[in-house]
Amino acid sequence: MKHLFVMDDLDRIDVDGDSTLMLMLEAQRRGWPVFVCHPRELFLIQGKAHATVRSVNITSERQISPSASEKVDLGFFQVIWLRKDPPFDMDYIFSTYILEMTPKGTLVFNRPSSVRSANEKLFALQWPELSPPTLICRQIEHARSWAKQWSKVVIKPWDGNGGRGVLVSSYSDPNFRSMLEILTENEQQHIIVQQYLPEIADGDKRIILIDGAPVAWMARVPQPGDHRGNMHVGAKVASFKLSERDQEICSAIGPTLKAQGLLFVGIDIIGSYLTEINVTSPTGIQELNPMFNIRIEQLLTDSVLSAYNKFLKEE
């Protein structure tokens, strides 16, 4: 099975933490050709999806050697992985349109139309009973008046990632209006205003789901003096035991993830609330594998193989 990874440039890979690298290694371990391209290298000819790709070989020291580039029809591949990191901007959206035009015999994970629809911060609000009290607006006075009912609130961009722009404040904070002005760009952009959850001190829980079922989980504990549970900004990884509420959340959203072709998903839970559903390029494989004595990349690839065999039978 020939695998194409639509991803960031190879020089951005952190070999000690990158989850896409693990998926590439698993395909190579199985003797399957591995190719890469950047979303900017996708293109259409008469409605047929193509890309400028390079085959790669990964050494035992995790050094990646790409071949010369070539232009190919995406029907050349059995499996395409959409693994471009956010920001989820119009370029990202346009790449999902092109990937939707791959031939029927090529499976794309996660499904491009579902990635496009499932905004990582807004998607969770389809289950309001599982989410913290949340307001999404761009009007400063609306945000201020809504925040009055909470001792603290979190404000953040709707399209942020990696902890960027996440602020903790309150209605009584003399800087609150200024923060809202900056984040909304003077009411030109929507933002998210959420009740602050003090349980963040115990960690932002990340649960990896494969085909809608939880397989591994970890807590990302903010470093002292910070409130963000993101490894990008220094949060430390810790183990925890799934609570009944965590399992309830997974059971509630799992069937929808499976039905929408969202094979590899990372959800975030703070305390007893679902805060995000990450579908673009979930991470955590290298941190979780030793914690659970598993190989998540193997489980994912097995699921892909199962999906492909099912497709062949239906054909």
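Worth knowing before you read on, the calculation uses all heavy atoms, side chains too, and leaves out hydrogens, waters and symmetry mates.
- Every pair passing side-chain hydrogen bond (donor to acceptor under 3.5 Å, both in side chains) that includes a residue from residues 142-153 is listed here, sequence neighbours excluded: E141-R144.
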Go through the steps for W217 and K241 under the test side chain to side chain contact (heavy atoms under 4.5 Å, CB included), then give the verdict.
CA-CA 8 Å; W217 43 89; K241 184 177 180 180; 5.8 Å; no

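- The salt bridge (Lys or Arg N to Asp or Glu O under 4.0 Å) pairs that include a residue from residues 26-48 are D9-R40, E26-R29, E26-R30, E26-R295, R29-E297, R30-D302, E41-R54, where partners are two or more places apart or lie in different chains.
- Between I191 and L180, the closest side-chain pair of non-hydrogen atoms falls below 4.5 Å.
- Contact record, G203 with P222: CA-CD, 4.2 Å, taken as the closest heavy-atom pair.
- At a threshold of 4.5 Å between non-hydrogen side-chain atoms, the residues V153 and Q195 do not count as touching.
- Residues Q189 and T184 bring no donor and acceptor atom of their side chains to less than 3.5 Å of each other.
- Salt-bridge check for K205 with D268: failed, with every basic side-chain N at 4.0 Å or more from each acidic carboxylate O.
- Nearest approach of D204 to I269, heavy atoms of both residues: OD1-O, 3.6 Å.
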Compile the donor-acceptor pairs under 3.5 Å between side chains in residues 249-263 and protein atoms, sequence neighbours left out, one pair per line.
unit_1 : atom_1 : unit_2 : atom_2 : d
S251   : OG     : Q247   : O      : 3.0
K258   : NZ     : D211   : OD2    : 2.8

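- Counted by atom type alone, T280 and E120 present one or more donor-acceptor pairs between their side chains at under 3.5 Å.
- With a 4.5 Å cut-off on side-chain heavy atoms, I200 and V221 do not count as touching.
- Annotation for F94: atom CZ does not count as buried by contact number, only 12 or fewer foreign heavy atoms lying within 6.0 Å.
- Under the side-chain contact (heavy atoms from CB on, under 4.5 Å) criterion, E100 pairs with Y97, P112, S113, R116, not counting sequence neighbours.
- L4 and I45 are not part of a single hydrophobic cluster, where members link through side-chain heavy atoms under 4.5 Å apart.
- Cluster partners of I136 are L122, L125, W158, I192, counting Ile, Leu, Val, Met, Phe, Trp and Tyr whose side-chain heavy atoms approach within less than 4.5 Å, directly or via other members.
- By the 4.0 Å N-to-carboxylate-O rule, R138 lies too far from E187 to be salt-bridged with it.
- Checking side-chain atoms of T106 against main-chain N and O of V79 turns up no donor-acceptor pair under 3.5 Å.
- Under a 3.5 Å cut-off, the side chain of T102 and the backbone N or O of L74 do not form any donor-acceptor pair.
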- Query: Between R206 and E287, does a salt bridge (Lys or Arg N to Asp or Glu O under 4.0 Å) hold up when you go through it step by step?
  - Reply: CA-CA 11 Å; R206 165 59 60 90; E287 293 81 8; over 6 Å; no

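- Between L107 and Y308 the shortest side-chain heavy-atom distance falls below 4.5 Å.
- The two atoms that bring F109 and A307 nearest to each other are CZ-CB, 4.1 Å, heavy atoms only.
- S243 and D246 form a side-chain donor-acceptor contact under 3.5 Å, judged by distance and modelled atom types alone.
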If you apply the rule side chain to side chain contact (heavy atoms under 4.5 Å, CB included), what do you find for I155 with F176, and how did you get there? CA-CA 10 Å; I155 54 176; F176 191 41; 4.1 Å; yes

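- Every side-chain contact (heavy atoms from CB on, under 4.5 Å) that S55 has, sequence neighbours left out, goes to F35, S67.
- M179 is listed as a side-chain neighbour of D173, based on a closest heavy-atom distance under 4.5 Å.
- Considering only heavy atoms from C-beta on, I64 comes within 4.5 Å of L21 through its side chain.
- Aromatic rings from W127 and F123 are positioned such that their centres are separated by under 6.0 Å.
- Remark: the backbone N or O of D85 is paired with a side-chain donor or acceptor of D8 at under 3.5 angstrom.
- Side-chain atoms of V265 and N278, non-hydrogen and from C-beta on, never get closer than 4.5 Å to each other.
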### Message
Please determine whether side chain to side chain contact (heavy atoms under 4.5 Å, CB included) holds for the pair R83 and V6, giving the CA-CA distance in whole Å, both sets of side-chain angles, and the decisive distance to 0.1 Å.
### Response
CA-CA 6 Å; R83 293 289 301 170; V6 181; over 6 Å; no

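- In this structure, V34 and F5 have side chains that are in contact, with non-hydrogen atoms separated by less than 4.5 Å.
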Show your working on side chain to side chain contact (heavy atoms under 4.5 Å, CB included) between V36 and M24 and close with a plain yes or no. CA-CA 9 Å; V36 299; M24 295 165 67; 3.7 Å; yes

